[in-house]
K.L.:
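Could you have a look at this structure, given as structure tokens, before my questions?
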2 protein chains.
Amino acid sequence: MKTDTVFKRAYNDALDLISRLAEGEPLPSENTLSASMGVSRTTVRKVIASLKASGVISGAGRERNVHPSSPSMHRFPESETVPMAAQVEERFMEWMLRDNARPGTAINELDLARKFGVATTGIREFLNRFQRFGLIEKRPNAGWVFKGFTTNFALELFEIREMFELRSARALAAMPDGSSHWVQLEAIRREHVDLLNDIEARYHDFSDLDSRFHRLISSAAPNRFIDSFYDIITVIFHYHYQWNKHDERQRNEVAIREHLTYIEALFTRNVTMAELACRAHLTSARETLLRSTSMH
Amino acid sequence: MKTDTVFKRAYNDALDLISRLAEGEPLPSENTLSASMGVSRTTVRKVIASLKASGVISGAGRERNVHPSSPSMHRFPESETVPMAAQVEERFMEWMLRDNARPGTAINELDLARKFGVATTGIREFLNRFQRFGLIEKRPNAGWVFKGFTTNFALELFEIREMFELRSARALAAMPDGSSHWVQLEAIRREHVDLLNDIEARYHDFSDLDSRFHRLISSAAPNRFIDSFYDIITVIFHYHYQWNKHDERQRNEVAIREHLTYIEALFTRNVTMAELACRAHLTSARETLLRSTSMH
DNA sequence: GTCTGACTTTTAGTCGATAAAAAACAATTT
DNA sequence: AAATTGTTTTTTATCGACTAAAAGTCAGAC
């Protein structure tokens, strides 16, 4: 059956929201809650019913009030709020990147299903979606093979990334002065500066900023295939950095400086300079990734 | 349960093979058959047992003989030899391209499952794999939306295609003289000439030749992401041309001539000329596709 | 040493059922 | 009448079971 992770996450979110209200305040309408928590009204009602049962909400119908001071504000554990599919992804990535799975390893659906505690259909679905990452391959009627997180993988990934990024950088540099992209670029430049000023404490935040920066650039000339490729990059980097902390602070600091050079070059509208800065940054990003693949 | 399409296809293949042998000839060994038909020995044995029961094969053990003249050489209908997943793909493509599905249409798993006569899991699996084509989009917990086989789709597809193809053409032009690629290119050039000489009768054969030609070019510098993108193109074109026969002969003839120009340019090793011919061909291919999207 | 026979074990493909979540519809209240 | 709550219907996410196909084993025959 379907898991109730959506409900549990919504329940926790509702608690957070209520704790920001004052004792006795009226509860927002079901539709408002539905919109703000990103779930259906059906789920909102279930959450409300549940919160009423534990005394965090009182009243009924249009007259519902909130009791953030209630002693029974118990949250569901974080682990129960993540849907099965996401768990499978997490566990698989862990197996692949952290446990250094060998190229050529056969992937066994039933085995993974048992290890991850899910039904085989869940594994199949994940593998089917994951195929586009280029790290596994299907042999009909005979399972999947892991192709390896290898040097070649990193090189091929970056070859495409460079083509896409250069093309987008050129498009961005050619944007008219009035375009909102320049405003967004300035905003993200400032974020870089801020992060750099507090790098010791906040260097973990770079991963997210990096992803948003590159997505901003490619938004200059939207293309669904490029966007979908960036999804792959984002996921790979997300998990990769989660398990490879070596030199993280320094790596990120270098990358931020490269980004800033790149941004300045874009602001000059000089295509050649922008290309140069873009190439320089990607080359160093590739080196970083390569260093960790060759450890395998 | 699992369907026995593998068995049925192998059975038909075995009949074909036997019909090419003379009456009373010995049957090849189980291992030989397994290798030549691309199925396991287990399946081969099942086929042999079945063929013996219907009298097409006589004897046992090492002494098995073949009777192609037997009156009971009945093949399984073609439709029973195609696995569920392939059927779903076919039906979905038909719905999308032939029935001109509207952009924004919601895709309903249960509904499709009923229409196609398969379980919902089969549909889910297909949609998950099909997502990378950029024609559908998932909204978690709320199904899929068809984004439409639109002008934009064709433009975005061809933007990527051009980037990839130019890059591969450059790589091919830079190949050393001794490389086997030149031999293969000459072979495929000849195929083009042959097809052109018999265009009236054989213009249907172009689709396959086209796909092989472009794959040969991209094999000059292999990259899994590019290969996977060519899979998308191949599928799109396969189905598209299956249901859009307008001007097919003339279209294909023009494309063959463009290919020949392109091939000649590659043989000169002159990168600029190769790029020019490549661009010219892709532009005309894009026009063709655009014409049929705008009909929607 | 290759081939068949007769198994056994493992794995993939497919189905149908069921609870959760979303969506649609109906009934209120302000 | 617009917004809100109450009720019913539709649709998705997940499981577990079942069968075909693959893969492996090992003995014996040619």
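So that the names make sense, note that chain A is the first sequence line, chain B the second, and so on, each numbered from 1. These values consider heavy atoms only, across backbone and side chains, with no hydrogens, waters or symmetry-generated copies.
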K.L.:
Kindly indicate whether a cation-pi arrangement holds for A:Arg129 with A:Phe92, taking the cut-offs as under 6.0 Å to the six-membered ring centre and within 45° of the axis.
P.N.:
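No, A:Arg129 does not sit over the ring of A:Phe92.
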
K.L.:
Would you kindly give the CG-to-C1' distance between A:Leu33 and C:dA21, to the nearest whole Å?
P.N.:
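It is 17 Å, rounded to the nearest whole Å.
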
K.L.:
Which of these nucleotides, C:dG13, C:dT4, D:dT12, is closest to any side-chain atom of B:Arg64?
P.N.:
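Among the listed nucleotides, the one closest to the side chain of B:Arg64 is C:dT4.
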
K.L.:
Can you check whether B:Glu90 reaches B:Tyr239 side chain to side chain, under 4.5 Å on heavy atoms?
P.N.:
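Yes - at least one pair of side-chain heavy atoms lies under 4.5 Å apart.
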
K.L.:
What's B:Thr3 touching, base or sugar-phosphate or nothing? Going by heavy atoms closer than 4.0 Å.
P.N.:
sugar-phosphate

K.L.:
Which residue lies toward the 5' end of DNA chain C, A:Glu63 or A:Pro140, if each is placed at its nearest nucleotide?
P.N.:
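The residue whose closest nucleotide sits nearer the 5' end is A:Pro140.
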
K.L.:
Distance check needed: C:dT11 P versus A:Lys115 NZ, whole Å only.
P.N.:
11 Å

K.L.:
If only side-chain N and O atoms count, and only distance matters, is there a donor-acceptor pair under 3.5 Å linking B:Arg124 with A:Thr121?
P.N.:
no

K.L.:
One pair to check against ring-ring contact (aromatic ring centres under 6.0 Å, His included): B:Trp144 and B:Phe130. What are the steps and the verdict?
P.N.:
CA-CA 11 Å; B:Trp144 302 81; B:Phe130 187 68; 9.2 Å; no

K.L.:
What's the CZ-C1' distance between A:Phe7 and D:dT12, to the nearest Å?
P.N.:
19 Å

K.L.:
Using heavy atoms to find the nearest nucleotide of DNA chain C for B:Asn31 and A:Arg139 separately, return the residue whose nucleotide is more 5′.
P.N.:
B:Asn31

K.L.:
B:Phe229 vs A:Phe225 aromatic rings, parallel, tilted or perpendicular, using cut-offs 30° and 60°?
P.N.:
perpendicular

K.L.:
Would you say C:dG13 has OP1 or OP2 under 4.0 Å from some side-chain N or O of A:Arg124?
P.N.:
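Yes, A:Arg124 has a side-chain N/O under 4.0 Å of OP1/OP2 on C:dG13.
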
K.L.:
When you check the phosphate oxygens OP1 and OP2 of D:dG6, does a side-chain N or O of A:Lys46 lie under 4.0 Å from one of them?
P.N.:
no

K.L.:
From CG of A:Asp4 over to P of D:dT12, roughly how many Å is that when rounded to an integer?
P.N.:
20 Å

K.L.:
Classify the angle between the aromatic ring planes of B:His214 and B:Tyr230 as parallel (below 30°), tilted (30 to 60°) or perpendicular (above 60°).
P.N.:
parallel

K.L.:
May I ask you to decide if A:Leu110's main-chain N or O and A:Asn108's side chain share a donor-acceptor pair within less than 3.5 Å?
P.N.:
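Such a contact is found between A:Asn108 side chain and A:Leu110 backbone.
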
K.L.:
Which sits closer to the 5' end of DNA chain D, B:Glu109 or B:Val6, going by the nucleotide each is nearest to?
P.N.:
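This one resolves to B:Glu109.
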
K.L.:
Would you give a per-nucleotide map of nucleotides 24-30 of chain D, 5' to 3', where B means the base has a protein non-hydrogen atom under 4.0 Å away, S means only the sugar-phosphate does, and - means neither?
P.N.:
-B--BB-

K.L.:
Report the nucleotide, chosen from D:dA21, C:dT14, D:dT4, that has the shortest atom-to-atom distance to any side-chain atom of B:Ala85.
P.N.:
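Nearest listed nucleotide: C:dT14.
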
K.L.:
Within the structure, does a side-chain N or O atom of B:Thr43 lie under 4.0 Å from either OP1 or OP2 of D:dA22?
P.N.:
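So the side chain of B:Thr43 is within the cut-off, an N or O lying under 4.0 Å from OP1 or OP2 of D:dA22.
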
K.L.:
Taking only side-chain N and O atoms of A:Thr121, does any of them lie within less than 4.0 angstrom of OP1 or OP2 on D:dA13?
P.N.:
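A:Thr121 to D:dA13 OP1/OP2: no side-chain N or O under 4.0 Å.
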
K.L.:
Nearest heavy atom decides the nucleotide; on that basis, is B:Arg114 or B:Met1 closer to the 5' end of DNA chain D?
P.N.:
B:Arg114

K.L.:
Rounded to whole angstrom units, what separation is found between the CG atom of B:Asp111 and the P atom of D:dT9?
P.N.:
19 Å

K.L.:
Could you tell me whether B:Leu112 contacts a base, only the sugar-phosphate backbone, or nothing, with contacts defined as non-hydrogen atoms closer than 4.0 Å?
P.N.:
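Answer is nothing: B:Leu112 stays at 4.0 Å or more from every strand.
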
K.L.:
Counting the atoms with a prime plus P, OP1 and OP2 as sugar-phosphate, which does A:Gly122 contact under 4.0 Å by heavy atoms, base, sugar-phosphate, or nothing?
P.N.:
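No contact.
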
K.L.:
Which nucleotide in the set C:dA21, C:dT4, D:dA21 lies at the smallest distance from any side-chain heavy atom of A:Lys2?
P.N.:
C:dA21

K.L.:
Can you confirm whether the side chains of A:His74 and A:Ser54 place a donor and an acceptor under 3.5 Å from each other?
P.N.:
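No - no donor-acceptor pair under 3.5 Å links their side chains.
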
K.L.:
Can you find a side chain N or O atom of B:Ser40 that sits less than 4.0 Å from OP1 or OP2 on D:dA22?
P.N.:
yes

K.L.:
Donor-acceptor pair, B:Arg9 side chain versus B:Thr81 backbone, under 3.5 Å?
P.N.:
yes

K.L.:
Could you give the CG-to-P distance, from B:Leu27 to C:dG5, as a whole number of Å?
P.N.:
11 Å

K.L.:
Taking only side-chain nitrogens and oxygens of B:Asn141, does any of them come within less than 4.0 Å of OP1 or OP2 of D:dT12?
P.N.:
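Answer no for this pair, as no side-chain N or O of B:Asn141 is under 4.0 Å from OP1 or OP2.
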
K.L.:
Tell me: CE of A:Met84 to C1' of D:dA13, nearest whole Å?
P.N.:
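It works out to 7 Å between those atoms.
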
K.L.:
How many Å lie between NZ on B:Lys138 and C1' on C:dA22, as a whole number?
P.N.:
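After rounding, the reported distance stands at 14 Å.
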
